[in-house]
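Hydrogens, waters and symmetry mates are skipped; everything else that's a heavy atom, side chains included, is used.
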Amino acid sequence: QVQLVESGGGLVQAGGSLRLSCAASGVTFSIGAMGWYRQAPGKQRELVADITGDGIPRYSHSVLGRFTISRDNAKKTVYLQMSSLNAEDTAVYYCNADIRGPLSPRPINYWGKGTTVTVSS
């Protein structure tokens, strides 16, 4: 079955950088949009950035200019390069993707289990 597995979270000092990765495993026919969401304690999950199958990115206003999303279609992986991190970036980061299996008539939306990013001030 299809799974999204995130990695790269951890503890970083304010002003530092981290790179998150999310790889899709299992048999996939095609992968459409992929993205990153985050949920801080006591807050709703929010979109951080996403990228279309053609590589067109979109960012939330809060991370624009600091985060970069990219993807490697051959590796079925999406990345989130985060720089100039601050305490407000502390959250669980979730990967999301629209994936069509070989027997699926249409894409199914999948979520990863999340990876924690903690920024210390």
Compare every heavy atom of [Y] with every heavy atom of [X], then report the nearest pair and how far apart it is.
X: Asp98; Y: Pro107; result: CB-CB, 4.1 Å
X: Arg71; Y: Ile31; result: NH2-O, 3.3 Å
X: Tyr59; Y: Ala49; result: CD2-CB, 3.6 Å
X: Leu4; Y: Ala97; result: CD1-N, 3.7 Å
X: Ala23; Y: Thr77; result: CB-OG1, 3.6 Å

Run Thr28 and Val2 through side-chain contact (heavy atoms from CB on, under 4.5 Å) and show every step you take. CA-CA 7 Å; Thr28 62; Val2 174; 4.0 Å; yes
Would Asn96 and Trp36 satisfy side-chain contact (heavy atoms from CB on, under 4.5 Å), going step by step from the backbone distance to the final call? CA-CA 6 Å; Asn96 179 270; Trp36 290 95; over 6 Å; no
Taking ILVMFWY side chains as joined if any heavy atoms are under 4.5 angstrom apart, and letting links pass through other members, which residues group with Tyr37?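 So far as hydrophobic clustering goes, Tyr37 is joined with Leu47, Val92, Tyr94, Trp111.
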Hphob cluster co-occupancy, [X] + [Y], side-chain heavy atoms under 4.5 angstrom:
X: Phe29; Y: Ile99; value: no
X: Leu64; Y: Leu18; value: yes
X: Val48; Y: Tyr79; value: no

Which value, rounded to the nearest 0.5 Å, describes the distance between Gln39 atom CD and Tyr93 atom OH? 12.0 Å
Quick one: disulfide bond (SG atoms under 2.5 Å apart) pairs with a partner in residues 25-91, sequence neighbours left out?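 Those involving residues 25-91 do not exist here.
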side-chain contact (heavy atoms from CB on, under 4.5 Å) between Met82 and Val117: does it pass, once the steps are laid out? CA-CA 10 Å; Met82 307 184 292; Val117 173; 3.9 Å; yes
With a 4.0 Å cut-off on N to O distance, would you call Arg38 and Glu46 a salt bridge?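 So Arg38 pairs with Glu46 through a salt bridge.
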